[in-house]
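Written below as structure tokens is the structure these notes are about.
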Amino acid sequence: MPLGEFELIRRFFAPAAGHRPDVALGIGDDAAVLRVPAGVELAVTTDTLVAGIHFPPDTAPDAIGHKSLAVSLSDLAAMGAEPAWATLALTVPGVDATWLAAFARGLSALASAHGVALVGGDTTRGPLSITMQALGFLPAGRALRRSGARPGDDLYVTGTLGDAGLALAGLQGRRIVPEDALQALRRRLDTPQPRVAEGLALRDLAVAAIDVSDGLLGDVGHLARASGVGVTIQVDGLPVSDLYRVHMGAECPWDLALTAGDDYELCFAAPAAQAHAVAERFAALRTSVTRIGSVYSGSGVRCQRRDGSAYTPGGTGYDHFAGPVS
């Protein structure tokens, strides 16, 4: 007997509902009923992933399930929000029980790791597309925004940059990457780890933040424009992995770290006086954090080397309608 929509939801996605006391009514009705605690604000974000655009067609279904939630949790992290709930709108070409079980497994594992309850959504037939909404809590008036950076602030980024972009370049034949290295790099592309704990830790340290999803250069540009400031990025100091260093080579060594998307790291501005506190906080989290530049009175984003000379990257980031912008 063919698997119907409601049996599909019951079998594969009800287990991701979790057990949160603030869910009065979850999966199975016309709408979820949720309890928002007193004294908090609700942060809400929505992301859509389309096959062949946001992930390669051969991506494993459990990785797609993971990434579909991870990108939204990364948005909440950039706001300093604690994840609580999610909804899923899933469009699939047909009912493939093996694929759906793996997709749901990847989604559920990440949801469980961050205490997220799947509280509703929709399923329909069509080209593979996943839309995820994530909701999280913030102390009233404490949201991290893009608009708080001021001249004199330091600019930081978590983790390393460019691995996902290098993986995609290897898959597309734009750069030669050996198979073993490509598989290691691809884990960064397929299963990014949202910096949720780091976002919570930044509530009393950062004055502005953004997640690096469309390329560092473009996303820093968004932060600079929202804050009405200029930003200098020291390209020699960008944090990159050993694999990146080996397989990017000496030609344009910083371009993918600056412009490739899918890093899902946090970029944030903090007052220079907070430098020691930032280092201590991230050491406690065992997460690397690197000062990559500074904020100045002006506008735009400029890239320079340690010797002060300008560096001109080969692009500015990813635009969902224009593609890579150069």
Is the closest side-chain heavy-atom distance between [X] and [Y] below 4.5 Å?
| X | Y | value |
| --- | --- | --- |
| F268 | V289 | yes |
| V301 | I233 | yes |
| Q133 | T45 | no |
| T87 | M132 | no |
| V119 | I27 | no |
| I210 | V220 | no |
| L200 | E198 | no |
| L171 | L189 | yes |

Problem set entry | side chain to side chain donor-acceptor pair (under 3.5 Å) contacts touching residues 157-167 (sequence neighbours left out) | T158-E265, T160-R188, D163-R188, D163-S241

If we ignore hydrogens and angles and just use 3.5 Å, is the side chain of [X] paired with the main-chain N or O of [Y] as donor and acceptor?
| X | Y | answer |
| --- | --- | --- |
| H114 | L73 | no |
| R281 | A201 | yes |
| Q193 | T191 | yes |
| K67 | H54 | yes |
| S112 | S108 | no |
| D263 | G162 | yes |
| R203 | A143 | no |
| Y296 | R150 | no |
| S72 | L69 | no |
| R291 | Y156 | no |

Measure the [atom1]-[atom2] distance between [X] and [Y] for me, rounded to the nearest 0.5 Å.
| X | Y | atom1 | atom2 | answer |
| --- | --- | --- | --- | --- |
| L185 | L243 | CG | CG | 5.0 Å |
| R175 | H247 | CZ | NE2 | 11.0 Å |
| I53 | L128 | CD1 | CG | 12.0 Å |
| D154 | T290 | CG | OG1 | 12.5 Å |

Exercise. Is there a side-chain contact (heavy atoms from CB on, under 4.5 Å) between L216 and T259 once you walk through the steps?
Worked result: CA-CA 6 Å; L216 177 72; T259 64; over 6 Å; no

Closest heavy-atom pair and its distance - [X], [Y]:
| X | Y | value |
| --- | --- | --- |
| H66 | P192 | NE2-O, 2.7 Å |
| P313 | L258 | CB-CD1, 3.9 Å |
| C267 | L155 | SG-CD1, 3.7 Å |
| P83 | V196 | CD-CG1, 3.6 Å |

Salt-bridge criterion met for [X] and [Y] (N-O under 4.0 Å):
| X | Y | result |
| --- | --- | --- |
| D211 | R146 | no |
| R305 | D307 | no |
| R105 | D62 | no |

Exercise. Step by step, would you call L49 with S129 a side-chain contact (heavy atoms from CB on, under 4.5 Å)?
Worked result: CA-CA 6 Å; L49 303 185; S129 175; over 6 Å; no

For this session: Quick one: sort the F137 and W85 rings into parallel, tilted or perpendicular, breaks at 30° and 60°.
Result: perpendicular

If we ignore angles and hydrogens, is there a donor and acceptor under 3.5 Å between the side chains of [X] and [Y]?
| X | Y | value |
| --- | --- | --- |
| Y311 | D255 | yes |
| T48 | T131 | yes |
| W254 | D236 | no |

Problem set entry | side-chain contact (heavy atoms from CB on, under 4.5 Å) evaluation trace for T123 with V92 | CA-CA 8 Å; T123 56; V92 289; over 6 Å; no

